[in-house]
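What follows is a short report on a single structure.
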Amino acid sequence: MNLIRVALDVPVARLFDYRCDDPAAKIGARVLLPFGKRKLIGIIVARPEQSDIPPAGLKHAIRVLDEQPLLGKADLRLLEFAADYYLHPLGAAVMATVPAALRRVRSRDPAPAAYALTPEGAAIDASALPPRARSQHRLLSLLRGNPVTPHATISDSPAMRSALQVFIAQGWVQAATPAVPSLPEFQQAAAGPALNGEQTAAVDAILSSLGHYQPLLLQGITGSGKTEVYLHAIAGALARNTQALLLVPEIALTPQLQSLVVTRFPGTTVATLHSGLADGERAAHWKAARSGKARIVLGTRLAVFAPLPTPGLIIVDEEHDSSFKQGEGFRYSARDLAVVRARQAGVPVVLGSATPALETYRNAVDGRYRLLRLSQRIHALPPQIDCIDLQNDQPADGLSGRLIAAIRTRIERGEQSMVFINRRGYAPVLVCGSCGWTSDCRRCSAKLVLHLRERRLRCHHCGHDSAVPVACPDCGNADLAPLGQGTQRIEAALAQHLPEARILRIDRDTTRRRDAWPDMRNRIRDGAVDVLVGTQILAKGHDFPQLNLVGIVNADSMLYSSDFRAPERLYALLTQVAGRAGRGNTRGQVLVQTRFPGHPLYAALRNQDFDAFARALLAERRQAGFPPYMHQAVLRAESRNIDLALQFLENAARLARGISTAVSVYDPIPAGMMRKAGRERAHLLLQSPSRKELRAFLGAWHPQLATAASSAVRWALDVDPAEL
Ligand code: ADP
Ligand code: ZN
Ligand code: ZN
């Protein structure tokens with residue numbers, strides 16, 4: 001009996017066995033299946049010898065949909081690793097990565113992509129065909145001349161299509177696999193700027209690693225020309241007739257990067273994979289990657305799973321970025337999987353950043369990754385970074401006198417400035433001065449943010465949205481006051497201090513419209529803006545030549561946090577923001593407003609010495625027993641009621657303590673933000689100095705969790721959590 005084991009998009013954490021006698025039933029191919037009363041598309045992940053289901057209970061697959069499997073063996077191997085490592089069902093993992101359009105059952109099954117003569121068909125003589133059936137004669141000679149004839153070639157007329165039906169009915173033709181299109185000849189990359197010495201050394205190191213597994217950390221300060229290094233490395237991979245995969249953070253996949261890649265590799269097909277694509281587009285790009293037609297694949301997190309028949313090089317830009325870790329469902333780290341994929345495929349992987357994740361940095365320091373450095377800015381000196389001590393310069397509205405004066409000077413010189421604040425809205429909370437009422441979200445442990453322009457109170461966690469009350473709901477006091485600053489308030493304050501300035505606010509609220517941001521970018525480039533006010537959106541990869549001053553407001557709010565990664569993240573964010581200053585001919589200036597100018601983080605930032613900062617943090621982490629010296633997993637639970645969640649975690653902890661002593665099992669605690677959208681959340685932390693021990697433990701523990709859970713509790717295991 002021929003069996004197939006398939007991944008299906010159903011909320012059941014297992015694979016399904018079917019009978020299937022189709023010789024095209026290859027691993028990685030899609031197959032149409034009966035499932036209950038429905039038809040579903042599954043992906044074949046194995047061809048088992050036998051099934052746990054008795055033969056009578058096994059249904060027959062309807063038909064195989066792909067001549068060439070949608071996922072190659074190596075692509076599937078990565079998914080198998082990821083499903084195993086992150087303890088996510090393989091079926092769900094496969095289905096989460098394959099574009100939706102390829103998983104949808106269409107009303108009509110697609111025709112095979114190509115046909116070939118069967119032995120019977122090959123044996124017939126043209127004289128056996130009706131003499132006047134000209135299409136049948138033509139079909140026979142087509143198939144004879146072409147061992148594998150694409151469907152499109154055959155079905156160019158209704159007469160040809162009916163001739164094909166006759167041949168199928170006679171058993172003269174069968175579905176066949178079209179030859180994989182040969183890779184188009186690599187054209188020399190269009191010339192970019194001549195590389196400097198450090199860039200040349202980095203490119204040489206990557207090129208000499210092509211053809212074998214080698215992780216490399218490209219640690220280059222902002223503006224040091226990392227992208228140029230990537231482009232040259234990609235050219236090297238293409239010249240060897242292999243594909244290059246370039247992963248970038250969610251927000252950084254800008255049209256500029258896409259068009260840069262396309263211009264530099266004319267005649268080369270570039271597939272792009274990100275969440276902004278329509279289903280059909282995603283499927284087309286995916287197929288281009290799979291067929292090998294796309295030599296360069298550019299994408300965000302999920303693209304780490306893009307099927308590649310001939311991978312040659314993997315690059316992860318801004319590898320420290322938190323968007324590489326998926327926070328829900330299939331909680332994988334695309335950065336870590338990029339390294340796994342490179343190892344499986346035997347190719348180099350380049351992780352690039354100005355501020356590498358400490359996990360990566362440690363691997364480089366310990367010599368597991370080869371370290372490449374770019375220490376010079378291409379176009380300008382590194383910016384000068386200073387702190388403004390808020391103890392001496394008390395801002396009434398969030399902006400210190402020194403920052404306003406500095407912005408004014410830049411405006412007078414015709415230069416641009418940017419004020420960075422990490423919060424959108426007008427103020428993070430509204431308070432009643434007489435009774436102490438605060439604008440709390442009822443469904444979250446969070447405050448409703450005042451959006452003054454829209455006159456709304458909004459929760460940034462659950463989406464709650466209500467009108468601003470005219471008086472205090474508790475005491476009726478009509479004098480409600482906003483507390484703290486958001487982008488809207490800084491914008492208003494700037495307008496007040498600098499009435500002549502042209503100010504542009506850039507945050508999620510002003511960039512929601514699809515082409516809002518490109519429009520704004522053009523205005524900035526055209527010099528139609530004097531001061532930008534914005535959030536993280538402004539931090540990444542944008543190059544504004546007239547921007548010479550960056551003011552950072554409210555960084556202190558990110559300085560003290562319960563998350564041990566907070567300083568690492570803040571340093572990376574501020575470095576990136578500071579990097580926007582001074583890309584033109586003038587040295588940039590960065591002013592950080594703070595009440596703690598002596599804090600070691602700000603001291604390191606002023607010196608722009610990431611290495612010293614990273615070494616200090618690593619020493620702390622080693623002492624405190626945190627990653628990367630420990631490997632962690634977190635069991636997260638949520639329920640209507642925190643006690644239910646904690647109860648489940650207590651049970652889970654008890655089970656855990658019975659399994660292994662090599663893993664530390666902490667006490668369950670409520671999450672930092674306990675309530676979110678009406679659910680109450682808690683977690684249980686587990687850690688071990690040995691990744692191997694932790695994995696073995698998780699493998700034994702995970703199956704027991706289902707029995708410990710009640711239906712009132714939703715839980716998920718997060719391996720290598722990015723936050724607690
Ligand atoms: P990074 O990504 O390291 O912050 P970029 O790759 O954005 O830096 O490079 C900064 C700028 O320098 C870009 O405009 C880029 O085109 C330019 N550039 C890079 N390398 C060179 C070079 N060798 N000569 C001249 N310009 C370069
Ligand atoms: Zn009140
Ligand atoms: Zn809320």
Side-chain angles (χ1 to χ4, degrees), residues 190-203 218-233 246 248-249 252 254 256-257 259-261 263-264 315-319 321 350 352-356 372-380 382-383 428-449 457-466 469-481 525 539-545 572 575-585 588 673-681:
L195 300 182
N196 68 23
E198 286 182 326
Q199 287 175 312
T200 307
V203 170
L218 179 63
Q219 188 186 340
I221 63 168
T222 45
S224 60
K226 292 186 284 295
T227 313
E228 214 44 61
V229 172
Y230 303 150
L231 294 174
H232 282 258
L246 172 56
V248 296
T254 56
Q256 293 118 289
L257 179 60
S259 63
L260 177 63
V261 172
T263 1
R264 293 293 283 280
I315 299 169
V316 185
D317 187 27
E318 307 287 4
E319 63 87 35
D321 195 274
V350 180
S353 178
T355 51
L372 311 172
R373 281 183 193 273
L374 303 180
S375 59
Q376 289 145 29
R377 260 199 174 189
I378 298 282
H379 290 306
V429 62
L430 193 62
V431 301
C432 169
S434 97
C435 77
W437 171 88
T438 55
S439 58
D440 295 351
C441 177
R442 271 197 221 130
R443 309 183 66 222
C444 304
S445 329
K447 306 288 181 202
L448 297 175
V449 176
L457 286 176
R458 288 180 182 155
C459 176
H460 288 183
H461 302 283
C462 72
H464 170 95
D465 187 330
S466 57
V470 287
C472 172
D474 282 1
C475 74
N477 167 27
D479 241 2
L480 297 176
R525 289 189 169 254
K540 312 230 168 132
H542 305 293
D543 201 357
F544 300 123
T575 300
Q576 215 153 23
V577 174
R580 302 307 110 208
R583 287 217 165 186
N585 300 319
M673 193 178 127
M674 190 184 86
R675 275 169 73 76
K676 188 171 175 187
R679 312 274 302 174
E680 301 197 332
R681 310 168 323 142

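Start at 1 and go down the list; that is how both ligands and their atoms are numbered. Below, each value reflects all heavy atoms present in this structure, side chains not excepted, and no hydrogens, waters or symmetry copies.
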N or O contact, [X] vs ligand 1, cut-off under 3.5 Å:
X: E228; result: no
X: P193; result: no
X: T222; result: no

| task | Run the numbers for me: atoms of ligand 1, each under 4.0 Å from some heavy atom of N196, listed by number. | result | 23 (N)

| Using 4.0 Å as the upper bound for N to carboxylate O, is an ion pair formed by K226 and E318? | no

| note | Judged by heavy atoms only, the candidate from I378, L257, L218, L260 nearest atom 21 (C) of ligand 1 is I378

| request: Identify which of G225, G220, G197 has a heavy atom lying nearest to atom 8 (O) of ligand 1. | output: G225

| field | Sequence-distant partners of T438, side chain to side chain donor-acceptor pair (under 3.5 Å), two or more places apart | value | D440, K447

| task | Take the Zn ion (ligand 3) and tell me which protein N, O or S atoms are nearer than 2.8 Å. | result |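 Metal shell, protein only: C441 SG, C444 SG, C459 SG, C462 SG.
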
| query | Does ligand 1 have any atom that is closer than 4.0 Å to a heavy atom of G223? | reply |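 It does, in that a heavy atom of G223 comes within the 4.0 Å cut-off of ligand 1.
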
Region of [X] that comes within reach of ligand 1 [heavy atoms, distance under 4.0 Å]:
X: A194; value: backbone
X: T227; value: both
X: I221; value: backbone

| Can you name the nearest heavy-atom pair linking L480 to P469, along with the distance? |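 It is CD1-O, 3.8 Å.
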
| task | Could you tell me which non-hydrogen atom of G192 sits nearest to which non-hydrogen atom of R264, and how far apart they are? | result | CA-NH2, 3.2 Å

| request: Using the test ring pair (Phe, Tyr, Trp, His ring centres under 6.0 Å), find all partners of H460 that sit at least two apart in sequence or belong to another chain. | output: H451

State, yes or no, whether a side-chain contact exists between [X] and [Y] at a heavy-atom distance under 4.5 Å.
X: V261; Y: L231; value: yes
X: H461; Y: C441; value: no
X: W437; Y: V431; value: no
X: C435; Y: C472; value: yes
X: Q199; Y: I378; value: yes
X: M674; Y: R681; value: no

| query | Checking side chain to side chain contact (heavy atoms under 4.5 Å, CB included) for the pair L374/I221: CA distance, chi angles, key distance, verdict? | reply | CA-CA 6 Å; L374 303 180; I221 63 168; 6.0 Å; no

| Distance below 2.8 Å from the Zn ion (ligand 2): protein N/O/S atoms | C432 SG, C435 SG, C472 SG, C475 SG

| Derivation of the side chain to side chain contact (heavy atoms under 4.5 Å, CB included) call for R442 and H464 | CA-CA 9 Å; R442 271 197 221 130; H464 170 95; over 6 Å; no

| query | Do T227 and V229 pass the side chain to side chain contact (heavy atoms under 4.5 Å, CB included) test, and can you show the C-alpha distance, the side-chain angles, and the key distance before you say yes or no? | reply | CA-CA 5 Å; T227 313; V229 172; over 6 Å; no

